[in-house]
Amino acid sequence: MRYPYHLDAFLRDLAKKSPSAVVLTDFESRSLHAGDESGLEPVVPGAVVQVRNAQEAAGVLQAASMHGVSVTPRGGGSGKAGGAIPDENGIVLTLKCEGVGIDIDPINRLAIVDAGVILASLAEAASSFGLRYGPDPA
């Protein structure tokens, strides 16, 4: 597949800056990340990049910025507002990963979570402290 020059240069640079990031360029993988539950027209991105931690994400964002590649962050893709609809010449930075961390501070009623947390998991963790995480308004 031929990519626009900026995306091609980004992918080469990313392999150097964040070699452990997983880059998916096959049509099926890209198609799975083309939309959300908003009902808006899906757009197949140029590539999908999976990261495991903030350091890898920082490398992806740095390379994208250097090459003018748009980045669409994506969790589960269940949003209803169109926030996960990517640019066709950009990338989807998928933040959904295994072992997502949830840290509840019951005194301050604060939750610190990793990107990609499932809201049902957050609600369950909060309930163990007698707290409630309300339904997602979207």
Side-chain angles (χ1 to χ4, degrees):
M1 170 178 203
R2 285 187 61 112
Y3 294 105
Y5 175 74
H6 66 282
L7 184 58
D8 190 45
F10 160 77
L11 292 172
R12 284 193 309 271
D13 194 31
L14 181 61
K16 296 174 194 169
K17 286 189 182 323
S18 193
S20 57
V22 176
V23 179
L24 306 170
T25 57
D26 63 283
F27 185 75
E28 184 177 350
S29 295
R30 293 183 301 125
S31 294
L32 290 173
H33 294 84
D36 58 15
E37 293 183 17
S38 66
L40 297 173
E41 187 71 28
V43 176
V44 178
V48 175
V49 181
Q50 298 174 334
V51 295
R52 294 179 307 209
N53 56 48
Q55 185 177 355
E56 286 181 1
V60 172
L61 294 172
Q62 181 183 37
S65 178
M66 286 178 50
H67 295 284
V69 172
S70 66
V71 177
T72 303
R74 179 185 171 101
S78 61
K80 305 248 186 236
I85 307 289
D87 177 58
E88 69 181 335
N89 294 319
I91 66 161
V92 168
L93 177 60
T94 181
L95 304 169
K96 189 175 179 182
C97 56
E98 299 295 320
V100 174
I102 300 174
D103 185 23
I104 305 286
D105 177 351
I107 295 170
N108 293 306
R109 296 180 176 227
L110 175 71
I112 299 173
V113 301
D114 290 340
V117 69
I118 304 298
L119 293 181
S121 299
L122 176 56
E124 184 179 327
S127 70
S128 69
F129 292 98
L131 300 172
R132 181 173 177 268
Y133 182 81
D136 181 4

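The structure displayed is predicted, hence computed values, not measured ones. Note: hydrogens, waters and symmetry copies are ignored here, and every other heavy atom, side chains too, is used.
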What are the two closest non-hydrogen atoms of H6 and H67, and how far apart are they? CB-O, 3.3 Å

Does the side chain of I85 come within less than 4.5 Å of T72's, by heavy atoms? no

Could you pull out all donor-acceptor pairs under 3.5 Å where a side-chain atom in residues 104-113 meets a protein atom, sequence neighbours excluded?
| unit_1 | atom_1 | unit_2 | atom_2 | d |
| --- | --- | --- | --- | --- |
| D105 | OD1 | I107 | N | 3.2 |
| D105 | OD1 | N108 | N | 3.2 |
| D105 | OD2 | N108 | ND2 | 2.7 |

Tell me the closest heavy-atom pair linking V92 and H33, and the distance in Å. CG2-O, 3.7 Å

Please find the pair of heavy atoms, one from V51 and one from A57, that lie closest to each other, and give the distance. CG1-N, 3.9 Å

Side chains of L32 and V48: does their closest heavy-atom pair fall under 4.5 Å? no

E37: what forms a salt bridge (Lys or Arg N to Asp or Glu O under 4.0 Å) with it, not counting sequence neighbours? K80

V69 with M66, same ILVMFWY side-chain cluster at under 4.5 Å: no

Please report the shortest heavy-atom distance between A63 and D13, naming the atom on each side. CB-OD2, 3.9 Å

Any idea which heavy atoms bring A47 and V23 closest together, and the distance? CB-CG1, 4.4 Å

Validation row: S31, V44 side chains within 4.5 angstrom (heavy atoms): yes

Give the C-alpha distance, both sets of side-chain angles, the deciding distance and a yes or no for side-chain contact (heavy atoms from CB on, under 4.5 Å) between L61 and L93. CA-CA 9 Å; L61 294 172; L93 177 60; 4.2 Å; yes

Enumerate, atom names and distances included, each donor-acceptor pair closer than 3.5 Å involving a side-chain atom of residues 124-132, sequence neighbours excluded.
| unit_1 | atom_1 | unit_2 | atom_2 | d |
| --- | --- | --- | --- | --- |
| S127 | OG | E124 | O | 2.7 |
| S128 | OG | A125 | O | 2.6 |

